[in-house]
Amino acid sequence: PAMSRAFVRENDGSEVPEDVPERPVSEHPNFVTERGLKLIGERIRELEEARQQAKASEDKATLATLERDLRYWLQRKASAKLVKPEPNPTKVRFGIRAIVQLEDGEERSYALVGEDEADPAHGLISWISPIAQALLGAQVGDEVNLQGQRAEVIRLEPVS
């Protein structure tokens, strides 16, 4: 015998996901560079545009995710603490790029930025990362241990 259609539940896309979990928010102070603050603003604008499109197309699942992401970024904007780097830094701190020379002569650049702005592939590291913690407070000429390698701080500059 054929099963009654009353017992078959199909998803027609109008279902709202029961629980789109909130994005975890860091417990650390939300320090940002000027670039980081600008990126947060751009992300909010992108999400607001996408939200309008999802509302127009009545895509409730996408809308729920976009609204969750928008809540996260609005919270990050509200908690952002803009830190302007010194023009002539003498120590590694937030908003400063440290150029180091490893034992083998290779140079690496690490810019200490906000958590949301971190992009390690481009040398932008979160100020709470292990490498940033090893560098914090170092001055030109200081040696630091970066992931088991000795590195000498050879130059400091503000993050642009």
Side-chain angles (χ1 to χ4, degrees), residues 15-55 59-102 106-160:
E15 305 281 317
V16 177
E18 300 298 313
D19 51 348
V20 177
E22 289 301 315
R23 290 181 59 168
V25 176
S26 171
E27 73 275 9
H28 299 282
N30 186 15
F31 296 132
V32 296
T33 63
E34 286 191 32
R35 176 181 172 273
L37 195 56
K38 191 173 149 229
L39 290 171
I40 290 172
E42 288 171 7
R43 189 71 187 120
I44 289 170
R45 279 190 297 284
E46 289 167 8
L47 287 165
E48 285 171 340
E49 285 174 25
R51 181 175 65 170
Q52 291 310 323
Q53 291 169 358
K55 276 184 179 174
D59 183 347
K60 291 183 175 77
T62 300
L63 188 60
T65 301
L66 288 168
E67 287 180 338
R68 181 231 21 216
D69 289 351
L70 193 54
R71 283 191 300 276
Y72 172 85
W73 288 106
L74 288 168
Q75 191 279 334
R76 294 302 278 170
K77 184 177 180 185
S79 67
K81 294 174 174 57
L82 179 61
V83 178
K84 294 186 184 227
E86 314 163 43
N88 301 302
T90 57
K91 286 184 176 175
V92 178
R93 54 177 46 122
F94 184 88
I96 301 301
R97 178 180 305 280
I99 295 84
V100 301
Q101 187 168 33
L102 302 175
E106 181 188 349
E107 285 188 15
R108 290 215 183 127
S109 166
Y110 299 101
L112 277 60
V113 298
E115 293 175 85
D116 295 318
E117 191 180 357
D119 184 357
H122 292 100
L124 301 171
I125 61 171
S126 166
W127 70 279
I128 60 168
S129 70
I131 289 175
Q133 292 300 306
L135 286 166
L136 275 171
Q139 300 177 309
V140 171
D142 285 356
E143 280 200 356
V144 293
N145 182 338
L146 296 184
Q147 298 171 313
Q149 273 196 78
R150 279 203 338 260
E152 181 185 349
V153 178
I154 58 172
R155 198 165 70 249
L156 300 176
E157 54 195 43
V159 173
S160 50

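One-based numbering along the sequence shown.
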Minimum heavy-atom distance Pro120-Ala118, with the two atoms named: CD-C, 3.9 Å
Residues Glu106 and Arg108 bridged, charged N to O under 4.0 Å: yes
Donor on one side chain, acceptor on other, Gln139 and Thr90, under 3.5 Å: no
For the student: nearest non-hydrogen atoms of Asp142 and Gly137, plus distance: OD2-O, 4.4 Å
Verdict with supporting geometry, Glu107 and Ile99, side chain to side chain contact (heavy atoms under 4.5 Å, CB included): CA-CA 7 Å; Glu107 285 188 15; Ile99 295 84; 3.8 Å; yes
Residues Arg150 and Asn145: side-chain donor-acceptor under 3.5 angstrom: no
Glu48/Arg45 salt bridge by N-O under 4.0 Å criterion: no
Pair Arg68 + Glu22, salt bridge at N-O below 4.0 Å: no
Member of Leu39, Leu37, Asn30 meeting the side-chain contact (heavy atoms from CB on, under 4.5 Å) criterion with Asp116: Asn30
Check: Ile125 main-chain N/O paired with Ser129 side-chain donor or acceptor under 3.5 Å: no
Ala134 versus Val144, closest heavy-atom pair with distance: O-CG1, 3.6 Å
Shortest non-hydrogen separation from Ala111 to Val159 and the atoms involved: CB-CG2, 3.6 Å
Heavy-atom closest contact (Leu74 atom, Ile44 atom, distance): CD2-CD1, 3.8 Å
Backbone of Leu136 reached by a side-chain donor or acceptor of Arg93 within 3.5 Å: no
Side-chain donor-acceptor contact under 3.5 Å, Glu115 with Ser26: yes
Polar side-chain atom of Gln133 near backbone of Trp127 as donor-acceptor pair, under 3.5 Å: yes
